[in-house]
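Below you'll find the structure, written out as structure tokens, and then a few comments.
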Amino acid sequence: MSTSYEAAGVDIAAGERAVELMKARVARSRRPEVVDDASGFAGLFDVSALLRYRRPLLATSTDGVGTKVDLARRLGIYDTVGHDLVGMVIDDLAVCGAEPLFMTDYIACGKVVPERIADIVGGIADACALAGCALVGGETAEHPGLLGPDEFDMAGAGTGVVEADELLGPDRVRAGDAVLAMASSGIHSNGYSLVRHILATSDLTLESRPAELSRSLGEELLTPTRIYAQDCLALTRAGGVRAFAHITGGGLAANLARSLPGSADAVLRRSSWTVPPVFEILRSYGRVPEAEMDKTFNLGVGMAAIVAPDAADAALRLLQERGVPAWHLGEIIPGDGTAHLS
């Protein structure tokens, strides 16, 4: 009795159709340095563009979306998690001042549904276009028996470039510098295991419509991650930026501390912003202590910038012009490399 790859659960034709469906959206992320590879086995990027740099440093980052993909699966909404993936990968590159160049993605699923894969990859491509980088390649793997037919996971890797003597980081930070906050669009892509635990152990459901929200909780939780890469580059070009901190897993204080030297602390004022309602809903229904909220969620701050004190006002004006809500979050003082929420 004969058998086949399709009988084992892998549908090659479905994979090929998914590629055809996503092609147009992927093309929109193209940069002029992208070179076509007729075989399609590799993504090619013309690095002669780096000759304008005196000493170019390549920066690379890799990440995923975590268990937020489970909410996308449950709600049947697949075009937003691609933005989350790009935000998690490319905004890490922005922290050191790197210009994003290109990205690749990897999707594992229990069953290739062409329209679903095209939505996921299309979202990645749209977000790459926003971030200014090219989506030069990727892989979709069908894992029948390991993942259920509706289950999937995703990851990505990105590469950027920064001039060596313009590298941002803790060594540039000084006492007296200002800390600016850039608003998050919501929870972004961290803390979703706690979110799912709260949903499983409280009266909240994805269909809940708390009075504080203008839509269902599920829709709120799937709000795509804000992508800051081009905003960070604009601030860097304007001058005065010492360092950035991407506020992801670990929360605001822990991530900001990574951008501090051992001789300085950051004092951050809770009174400088109002935490978005979704966080308070989760805290209240989940009975989550404040300290646990602090170390799990971004609480409304998706990226922080440490800037020279005389550059702070201009930086805030620039962010406002670019449509990014931002405010003066705190200051840098002498210390031992710790960030304090006061």
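Quantities reported herein were computed from a predicted structural model and do not represent experimental measurements.
- Using modelled atom types, one finds no donor on one side chain facing an acceptor on the other under 3.5 Å when comparing S185 with T223.
- Within a 6.0 Å radius of OH in Y285, other residues, nucleotides and ligands contribute 12 heavy atoms or fewer.
- Other residues, nucleotides and ligands contribute over 12 non-hydrogen atoms within 6.0 Å of the CZ atom of R215.
- For the atom pair CZ (R174) and CD1 (I306), the distance works out to 11.5 Å, reported to the nearest 0.5 Å.
- Environment of CG in D203: sparse, with no more than 12 heavy atoms of neighbouring residues, nucleotides or ligands closer than 6.0 Å.
- The CG atom of L101 lies 7.0 Å from the OG1 atom of T159; values are rounded to the nearest 0.5 Å.
- Clustering ILVMFWY residues whenever any of their side-chain heavy atoms sit less than 4.5 angstrom apart, transitively, puts Y192 in a cluster other than the one holding Y78.
- One finds no salt bridge joining R73 and E151 here, because no Lys/Arg side-chain nitrogen approaches an Asp/Glu carboxylate oxygen to under 4.0 Å.
- At least one donor-acceptor pair closer than 3.5 Å links the side chain of S342 to the backbone N or O of L268.
- Atoms CG and CG, from L235 and L319 in turn, are 4.5 Å apart once rounded to the nearest 0.5 Å.
- Across A98 and A59, no two heavy atoms sit closer than the pair CB-CB, 4.0 Å.
- The pair R317-D313 does not count as a salt bridge, with every side-chain nitrogen at least 4.0 angstrom from each carboxylate oxygen.
- With salt bridges taken as basic N to acidic carboxylate O contacts below 4.0 Å, none links D177 and R172.
- At distances below 3.5 Å, not a single donor-acceptor pair connects side-chain atoms of Q230 with backbone N or O atoms of L130.
- For CD of Q320, the number of neighbouring non-hydrogen atoms (other residues, nucleotides, ligands) closer than 6.0 Å is 12 at most.
- Using a cut-off of 4.0 Å between Lys/Arg side-chain N and Asp/Glu carboxylate O, E331 and R269 are scored as salt-bridged.
- For the atom pair OG of S202 and NE2 of H197, the computed distance is 9.0 Å after rounding to the nearest 0.5 Å.
- For the atom pair NZ (K111) and CZ (R116), the distance works out to 9.0 Å, reported to the nearest 0.5 Å.
- A salt bridge is defined here as a Lys NZ or Arg NE, NH1 or NH2 lying under 4.0 Å from an Asp or Glu carboxylate O, and E99 with R31 meets this definition.
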